[in-house]
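Data first, discussion second: the structure below is written as structure tokens.
Order of the sequence lines sets the chain letters (A, B, ...), proteins ahead of strands, with each chain counted from 1.
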Protein chains: 2
Amino acid sequence: MTDKKINAKYTVEGRVWINSENFAFTGQGKIELIEKIKVLGSLRKAASEMKMSYRQAWQNIDKMNKLSEKPLVILKRGGKDGGIAEVTEFAENVILAYKNLQTAFDIFIKEQTKKLNI
Amino acid sequence: MTDKKINAKYTVEGRVWINSENFAFTGQGKIELIEKIKVLGSLRKAASEMKMSYRQAWQNIDKMNKLSEKPLVILKRGGKDGGIAEVTEFAENVILAYKNLQTAFDIFIKEQTKKLNI
DNA sequence: AATCGTTATTCACTAATAGATATAACGAAT
DNA sequence: ATTCGTTATATCTATTAGTGAATAACGATT
């Protein structure tokens, strides 16, 4: 017989990210941004699609690139299409690591919510 | 032989809290505030000792009281000492739950940092 | 060299947050 | 009734964060 006494009023929530030298260089928003860049090949379009200001998007990418070992997105201006935004293989690894983390965290949250005793 | 190949450049970080109907009614700051209230018997002194503005402290307590099932801190004004702030038994339970959660989360963070593969 | 759409950067404006200050309300103790 | 130190609340200011607009810089393609 399963225990049905679940208190749904209180839940555990939280956030996780990966840090590099005092800067959270991942986080849901940034991961999503990189993924959109990968699809669209453009920082401007990616930001626009996320309804994130271009400025903020650029700053995020710039910080991530500068504060991590290797760049995550290579931005080039000029050229045929005005410029390109290229997602590096390193970024792919980071995204994978973040997703694994997030998956584990989701499980953690569920467990802890179940354990809540208030 | 222990694996010494630890990449200390990247770490997992995060935050957890307990939610009640769309309001994070716990969090390190709020828990600390309640604990200080318990010791000092005064919201004003507790806020002052934490270098938190009285206004913010009062608002936090007020929200917590209103948005949770039972009040966590009972505030009374007037009287011999000008007023009193009383921590309820319910608040004690919440604090305990939060600390258990935090302990588990600390372990989670360590594990995940160790697993980081970037 | 002219064009194009992007990256890169600045500036001014706005909204939101935090803080400080001041003061009213309170009621047990005297 | 007066006093006291607190709770409770309003108001103003300073700081910060975020947005939007405008524009310069770029370089492969034509």
Any salt bridge linking B:Glu86 with B:Lys38? Criterion: basic side-chain nitrogen under 4.0 Å from a carboxylate oxygen. no
Without swapping roles, check the side chain of A:Ser20 against the backbone of A:Leu67 for a donor-acceptor pair under 3.5 Å. yes
Using the rule that Ile, Leu, Val, Met, Phe, Trp and Tyr join whenever any side-chain heavy atoms are under 4.5 Å apart, tell me whether B:Leu43 and B:Ile95 fall into a single cluster. yes
Could you give the OH-to-C1' distance, from B:Tyr54 to C:dA18, as a whole number of Å? 17 Å
Rounded to whole angstroms, how far apart are CD on A:Glu86 and C1' on C:dT6? 15 Å
Would you mind reading off the distance between A:Gln56 atom CD and D:dT16 atom P, rounded to a whole angstrom? 18 Å
Taking B:Asn65 for the side chain and B:Leu72 for the main chain, is one N or O donor matched with an acceptor at less than 3.5 Å? yes
Can you tell me how far P of C:dT17 sits from CE of B:Met52, to the nearest Å? 16 Å
Rounded to whole angstroms, how far apart are CG on A:Leu40 and P on C:dG5? 17 Å
Output every pair passing salt bridge (Lys or Arg N to Asp or Glu O under 4.0 Å) with a member in residues 103-118 of chain A, not counting sequence neighbours, ordered by first then second residue. none
Give the minimum heavy-atom separation between A:Ile109 and A:Glu13, together with the two atoms involved. CD1-C, 3.9 Å
Quick one: what's the B/S/- string for nucleotides 20-30 of chain C, heavy-atom cutoff under 4.0 Å, read 5' to 3'? B----BBBBS-
Starting from C1' on D:dA8, measure out to NZ on B:Lys66 and report it in whole angstrom. 11 Å
Below 4.0 angstrom from OP1 or OP2 of D:dT6, is there any side-chain N or O of B:Lys45? yes
Rounding to an integer number of Å, can you tell me how far A:Ile61 CD1 sits from C:dT6 P? 16 Å
B:Ile84 CD1 to D:dA8 P: how many Å, rounded? 11 Å
